[in-house]
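Each remark here refers to the structure printed beneath this line.
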Amino acid sequence: MKIVYIHQYFRTPEEGGAIRSYYLATALAAQGHQVELICAYSGKKYRKRMVEGVLVHELPIPYNNRMGKWARIKAFLKFVWMAFGRASRIPQADLYYVSSTPLTVGLIALLLKKLYRKKYYFEARDLWPEVPIALGVIRGRLMQFFLRYLEKQIYIHAEKLIALSPGIREGMLRQAPQKEVYLIPNLADCTFFNPQPYISQKKISICGVMYDWGEGFLITYFGSLGRANALSSLVDIAAWFQENKMDGVQFLIVGDGAEKEKLLQKMQNLQNICLIKTVNKYDLREILNLTDITYISFLNHPILETTSPNKFFDALAAGKLCVINFKGWLKDMVEQERCGFYANPEQPEVFYEKLNPFLQNPALLREYQKNARKLAKSRFSKQLLVSDFIELFN
């Protein structure tokens, strides 16, 4: 089968970031399908390259988390225009696999179906437009009505729908109750990430820069630094630890985004937290080898309780206890599986109370870390979920 995979933010392990599309597209190619992928990149002209059997078409459309609202909208619409043009010129495509976000990529699928009678599958990584509407990014009632109508049309006309979390699946079913929605969360790569023996000396070189956190306890957040990620709470926790002389605990933020400068400003007088730029998957693995606990952070908003962040599944695969600072299915899961805990981001003292048993009892920490790895392998392993994904095309 010839499959055209459309995702605006395709990344490889060497580039870092979310690499779900890399996993899935290369898995299709490994099964003998002919796969071409259309994405955007920050270059100045169109280019194409082969990535493990996948022909990748890269469109010159810069985008980053620092962009303002209108710059983002312009990038989204430009991708729709250029990706539709590129997709319509790929000969003899049997099926299109279209992955959001943003929701506007669904316009490409609708145009291909209406104009050329092409079939498509649609994957929702977030509940668009509900997330930007709930967060106040999209306020006009006419625009909200249009985007919700577009969302419904995209779902109705898809051959199959794929959701990344139970909450996303429920949201899709509310719009298209007659459709079947397949649940395929983000993947835990239990081959790439492997739990390592405890390393007391927290020291590492990243891009020629040496970082040394001594022999303390290291808590790490990695991922986007946008408004929705609410990383200010982690800085507040670090400040509380410093003020209360809770020595021996260090905090690390790895990433980039619109809130980076604000975070750096807020961290100026703190000695127990640092921020380093986004790293590739290989450097991230080395950082996680040193990390004791990962911090998964989002705004405390009901719409974000449906999220399925790739960082959580990487942390599980690496065998790390996960601290969740928002409610929803991930909070429930880590509590039930005893591989993490929920901590209200506005209560640093409660965070310390929940963390302290692990500081005092290394055996308890190792138990929770083992539970995290067990959960990754039993429910979210790449092999398991890729197999479910491939079945969609049989």
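No hydrogens, no waters, no symmetry mates; every other heavy atom, side chains included, goes into these values.
Residue Leu115 places its CG atom among more than 12 non-hydrogen atoms of other residues, nucleotides or ligands, all under 6.0 Å distant. Around the NZ atom of Lys377, the shell of radius 6.0 Å holds no more than 12 heavy atoms that belong to other residues, nucleotides or ligands.
Here the OH-CG distance, from Tyr352 to Asn244, works out to 9.0 Å after rounding to the nearest 0.5 Å. From Leu234, atom CG reaches atom OG of Ser297 across 7.0 Å, with rounding to the nearest 0.5 Å.
The aromatic rings of Phe313 and Phe380 sit perpendicular, their planes meeting at an angle over 60°, well past the 30° parallel limit. A tilted orientation is assigned to the rings of Phe251 and Phe351, their planes being inclined by 30° to 60°.
Ring centers of Tyr96 and Tyr5: at least 6.0 Å apart, outside the cut-off. Aromatic pair Tyr121/Phe393: ring centres closer than 6.0 Å. The distance between the ring centers of Tyr120 and Tyr97 does not fall below 6.0 angstrom. If you look at Phe79 and Tyr9, their ring centroids are not closer than 6.0 Å. Centroid-to-centroid, the aromatic rings of Phe76 and Tyr63 come within less than 6.0 Å.
Under the 3.5 Å distance criterion, the side-chain polar atoms of Asn289 are left unmatched by any main-chain donor or acceptor of Gln196. The backbone N or O of Thr306 sits less than 3.5 Å from a side-chain atom of Ser165, completing a donor-acceptor pair. The closest donor-acceptor contact from the side chain of Glu151 to the backbone of Gly106 lies at 3.5 Å or more, if one exists at all. Without hydrogens or angle criteria, Asn361 side chain to Phe358 main chain gives no donor-acceptor distance under 3.5 Å.
Looking at Glu259 and Arg227, no side-chain N of the basic residue comes within less than 4.0 Å of a carboxylate O on the acidic one, giving no salt bridge. A salt bridge links Glu15 with Arg49: the distance from a Lys NZ or Arg NE/NH1/NH2 to an Asp or Glu carboxylate oxygen falls below 4.0 Å. Of the charged side-chain nitrogens involved, at least one lies within less than 4.0 Å of a carboxylate oxygen, so that Glu367 and Arg338 count as a salt-bridged pair. Checked for salt-bridge contact, Asp94 and Lys119 miss the test: no charged N lies under 4.0 Å from a carboxylate O. Using a cutoff of 4.0 Å between basic side-chain nitrogens and carboxylate oxygens, Glu36 and Lys2 are scored as salt-bridged.
Annotation: cation-pi pair Arg285/Phe192 present, NZ/CZ under 6.0 Å from the ring centroid and within 45° of its normal. Cation-pi geometry between Lys331 and Tyr342 is met: the NZ or CZ atom falls under 6.0 Å from the ring centre, inside 45° of the normal.
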Using residues 210-219 as the side-chain source, report each donor-acceptor pair under 3.5 Å to any protein atom, sequence neighbours left out, with the distance given to one decimal.
unit_1 : atom_1 : unit_2 : atom_2 : d
Asp212 : OD1    : Gln201 : NE2    : 3.2
Asp212 : OD1    : Gly214 : N      : 2.8

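For Tyr282 and Glu286, the side-chain atoms include no donor-acceptor pair closer than 3.5 Å. At a cut-off of 3.5 Å, with distance as the only test, no side-chain donor of Ser224 or Asn229 sits close to an acceptor on the other residue.
Qualifying side chain to side chain contact (heavy atoms under 4.5 Å, CB included) partners for Ala163, counting only residues two or more places apart in sequence or in other chains: Ile168, Arg169, Met172, Val181. Annotation: side-chain hydrogen bond (donor to acceptor under 3.5 Å, both in side chains) contacts of Gln383 (sequence neighbours excluded): Thr191.
Pairs engaging residues 123-132 under the salt bridge (Lys or Arg N to Asp or Glu O under 4.0 Å) rule: Arg20-Glu123, Glu123-Arg125, Glu130-Arg148 [sequence neighbours left out]. The stretch residues 303-321 participates, sequence neighbours left out, in these salt bridge (Lys or Arg N to Asp or Glu O under 4.0 Å) pairs: Lys281-Asp314. Screening residues 379-394 for salt bridge (Lys or Arg N to Asp or Glu O under 4.0 Å) gives Asp189-Lys382, Glu337-Arg379 as the qualifying pairs, with residues at least two apart or on separate chains.
The shortest heavy-atom contact between Met82 and Pro60 is CE-CD, 3.7 Å.
Checking Val249, Ile253, Ile237 one by one against Ile273, the side-chain contact (heavy atoms from CB on, under 4.5 Å) holds for a single residue, Ile253.
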